[in-house]
Amino acid sequence: MTTPLLRGLNPEQLAAVTLPHESALILAGAGSGKTRVLTTRIAWLIQSGQASPSGIFAVTFTNKAAKEMLARLGALLPINTRGMWIGTFHGLANRMLRAHHREAGLPALFQILDSADQLGAIKRLLKALNVDDEKYPPKQLQHFINGCKEQGLRAQKVEAFDPYTRKQQELYAAYDEQCQREGVVDFAELLLRCHELLLHETALRRHYQSRFQHILVDEFQDTNHLQYQWLKLLAGEQAAVFAVGDDDQSIYAFRGARVGNMADFERDFHVKEIIRLEQNYRSHGNILDAANALIRHNQSRLGKNLWTAEGSGEPIRVFEAHSDYEEAGFIVDEVKALQREGIPLSGIALLYRSNAQSRVLEHALFNAAVPYRVYGGLRFFERQEIKHALAYLRLIGNSDDDGALLRVLNFPARGVGARSLESLQEIARSEGVSLWQAAQLKRLGGKAGVAIQGFSALVENMREACAALPLAEQVEHMLEQSGLLAHYKNEKEGADRLENLNELINAAAAFELEYSREAGEEDVDPLTAFLSHASLEAGEHQAIAGQEALQLMTVHAAKGLEFHAVFLSGLEEGLFPHENSSREKDGVEEERRLMYVAITRARRRLYLSYADSRMLHGQQRYGIASRFLEELPPSLLKRINRDSAPQPMQRPATRAESAGASGWHIGQAVSHPKFGPGIIINSEGRGADARVQVSFSHAGVKWLALEYARLEAV
DNA sequence: TTCCAACTGTTTTTT
DNA sequence: ACAGTTGGAA
């Protein structure tokens, strides 16, 4: 069994890769070669003849991970990726639904709604049903619907014991009807529909169950309930499921991820033994020791301890700043110092808990002329002009898509105002047809009627003209005919948008080329495929290392990446761990895992910093060091002081209120008999009514009445 | 239809 | 602080 494939694997990795045909759980710590194991496993299965490429089903969460897996697989084996089912949960569900749209009860050209589209659809629904959107906020309803779907619950299966939930349930049912009528499917629906397809179509289920003998799952700790059920169904009794995950890196419980799936998996799939990958190839010892020490404070863990063959390296640097300004200044200075040492900027990351924190940092970097790049902005396919263009394309494929029609019926403006639209909607409602069909009835007279007929004719013309054109030319033609190009040419700030629309043509051309090359077994027309691609893959905004710029991102966005040096800023109670997390069950444990992820991003050098005061939501806030700092062994830390001049930047003091004449003031350190030490961060009222808000080290943020609370100055 | 003022909600986010 | 959205007036 000597094959170059297995060379250089450590014993645990080797054991995982060469497991026999049985389900297995691989606990893969940060930097332990997880992706390598996953891809080598697939290559090994194929090379040793245990599986054919078409028998492999490998699923990831992000497109980036899927692409990387394909790329690395290509480097290991000269195999055709055609016929292999490797992709994201949603991508693979889409693929299956396209192939069996009839059985799934969907039109051949069903379109996919992204979150924004979905929210729009819900708002539309509420308006049509005359529901008060103050009482039932669309966002909340969206959350409710997606939550139900992720639990695998259709509207009629939802348990509602109070009137409010019953109403939500009713709206959920109406929403699904609306989607069905319009031939559109949201993200959660892709998975739920696919699950139901396999559940109800026995022949189909058997077919796929016997075909996919090897199912591999990446980032298993991030799966939600529905995804787990789907995998279980697809696996059946026969398939070997190779699940790779790290419970310590589960940071998406807030959006439905269920770490408990790992324990369930162990039981449901009769996992004989969990394989632990604990050797870390990324970081020096001190960094790993800190990460291990921190995560040991979590109660619910499967248990794991990272180690490295490297030395302990440098101590972890800790910096306390007086203000967020000073913190930013410190980081800039250190970045410049690292740069002088020859570390490329792209190898340095600046991490923070929440996006709002990036502003001060950006400001300081800008002033110091340090090039930087912020990840996490608006993505390509989410831009307004692109959404408009896609809406026209969607109408070409499926005119009943009311959401798309509403978006562009009067964009660019063509004289269809709110009133005409209302009449059109009235016709559609009374006839029970889509807006498009209502327009075809030609019942509207006057100017409005003419304008709407003009729009119908426009779309019809586009459809005819596009039928014979290659994809990129379809897009080009549509942009011209719709008047979008002309509109943005006239717009003052339209240059960027025009550029993006141009980029859309390029994207279509690139997609078409790729698509024709690897035409799969279950083809759909290129336009529909392109639209699915646009929804499912909104455009990269995950970090692509490379460009010579400092990398700024949230800790969440940094998962899966590594850097020579990492700055983790804003380590204050209330920020990290975030104050909202203390209200949620196991919230602080998730925050701690987040901190664990942050620490393990660093290869060689790690900076932790916090500020005594910080501007947040337009107010000065006073914080104390994060409890996570105290959970790190002091022996690994080195506190550093700014060696330059004494704090050069002092912001003009904001008006400091005093809580009556009591002598308490904001920023004062205090102690409470029950809650322990804390800092006064706000106050209101005077005399007997005076209350202060205190941020406690361990008890969170509380309002206390001075008359009763036995506060002591420290 | 367009523009501006007032108002709101600010943890993390992929598909 | 601030961006994004909404509602009303022009």
Side-chain angles (χ1 to χ4, degrees), chain A residues 59-66 87-94 112-119 123 133-134 137-139 143 146 149-150 185-192 194 218-219 222-224 226-227 250-257 324 351-360 363 375-379 381-382 384 410-420 491 532-542 553-560 570 574-584 587-588 590-591 593-595 597-598 614-621 651 654:
Chain A
V59 60
T60 64
F61 274 85
T62 65
N63 292 297
K64 192 176 165 237
T88 64
F89 275 96
H90 295 84
L92 294 175
N94 178 48
I112 300 168
L113 302 184
D114 66 20
S115 318
D117 297 333
Q118 184 188 31
L119 189 62
K123 285 181 180 162
D133 59 3
E134 304 251 297
K139 282 233 177 70
H143 186 254
N146 290 336
K149 289 190 179 185
E150 279 163 15
V185 165
D186 61 52
F187 286 142
E189 182 73 23
L190 281 172
L191 291 167
L192 183 52
C194 202
D218 187 21
E219 305 277 15
D222 287 339
T223 51
N224 64 32
L226 179 58
Q227 285 159 343
S250 159
I251 54 174
Y252 286 113
F254 73 92
R255 66 173 196 217
D324 45 354
L351 308 182
Y352 34 81
R353 172 68 242 261
S354 63
N355 284 307
Q357 288 167 250
S358 77
R359 186 168 302 129
V360 213
H363 187 79
Y375 293 89
L378 196 60
R379 287 126 95 220
F381 286 108
E382 286 170 355
Q384 182 212 128
N410 199 36
F411 192 96
R414 49 175 72 86
V416 187
R419 188 142 322 134
S420 332
E491 191 131 289
S532 301
H533 166 82
S535 297
L536 290 173
E537 206 167 327
E540 288 306 334
H541 89 164
Q542 287 273 323
M553 66 193 87
T554 63
V555 181
H556 281 91
K559 189 175 166 200
L575 244 194
F576 200 176
H578 197 275
E579 53 192 325
N580 293 357
S581 70
S582 59
R583 297 191 211 358
E584 288 153 33
V588 174
E590 177 146 319
E591 295 285 305
R593 291 192 292 268
L594 197 52
M595 175 87 178
V597 167
R614 168 180 306 279
M615 212 58 178
L616 204 64
H617 305 324
Q619 277 190 319
Q620 193 83 239
R621 286 188 33 154
R651 222 186 338 241
T654 46

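Chain letters run A, B, ... following the sequence lines, proteins first, then strands; residues in each count from 1. If you're wondering where the values come from, they're calculated on a predicted model, not measured in any experiment.
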**Report entry** Polar side-chain contact A:Ser115-B:dT15 base: donor and acceptor under 3.5 Å
**Finding:** yes
Side-chain N,O ([X]) to OP1/OP2 ([N]) below 4.0 Å:
X        : N      : result
A:Asn63  : B:dT15 : yes
A:Asn580 : B:dT10 : no
A:Arg379 : B:dT15 : yes
A:Asn355 : B:dT12 : yes
A:Lys139 : B:dT8  : no

**Report entry** Span that lies between the P atom of B:dT13 and that of C:dG4, in whole angstrom
**Finding:** 16 Å
Requested in this report: Select from A:Gly415 and A:His90 the residue whose nearest nucleotide in DNA chain B is closer to the 5' end of that strand.
Outcome: A:Gly415
Query raised in the report: Closer to the 5' end of DNA chain B via nearest nucleotide, is it A:Leu594 or A:Phe89?
Result: A:Leu594
Requested in this report: Check whether any side-chain N or O of A:Ser535 sits under 3.5 Å from a backbone N or O of A:Ile112 as a donor-acceptor pair, and report yes or no.
Outcome: yes
Query raised in the report: Does any N or O in the side chain of A:Gln619 come within less than 3.5 Å of the main-chain N or O of A:Leu616, such that one atom is a donor and the other an acceptor?
Result: no
Between [X] and [Y], does at least one N-O distance fall below 4.0 Å, as a salt bridge requires?
X        : Y        : result
A:Arg359 : A:Asp324 : no
A:Arg379 : A:Glu537 : no
A:Lys559 : A:Glu219 : yes

Side chain of [X] - closest among [options]:
X        : options               : result
A:Asn410 : B:dT1, B:dT13, C:dC2  : B:dT1
A:Ser354 : B:dT1, B:dT11, B:dT15 : B:dT11
A:Lys123 : B:dT15, B:dT11, C:dT6 : C:dT6

How many whole angstroms separate atom [atom1] of [X] from atom [atom2] of [N]?
X        : N      : atom1 : atom2 : value
A:Lys64  : B:dT14 : NZ    : C1'   : 13 Å
A:Glu590 : B:dT13 : CD    : C1'   : 12 Å
A:Arg353 : B:dT10 : CZ    : C1'   : 13 Å
A:Glu219 : B:dT15 : CD    : C1'   : 14 Å
A:Glu537 : B:dT15 : CD    : C1'   : 10 Å
A:Gln619 : C:dC2  : CD    : P     : 14 Å
A:His617 : C:dA3  : NE2   : P     : 14 Å
A:Leu226 : B:dT15 : CG    : P     : 17 Å

Requested in this report: Give a yes/no verdict on base stacking between B:dT12 and A:His556: centres under 5.5 Å, planes within less than 30° of parallel.
Outcome: no
Query raised in the report: So, A:Phe254 and B:dT12: ring centres less than 5.5 Å apart, planes less than 30° off, yes or no?
Result: yes
Query raised in the report: Hey, does A:Gln227 reach any base, or is it just sugar-phosphate, or nothing, if we go heavy atoms under 4.0 Å?
Result: nothing
Query raised in the report: Taking the six-membered ring where the residue is Trp, are the ring centres of A:Phe254 and A:His556 under 6.0 Å apart?
Result: yes
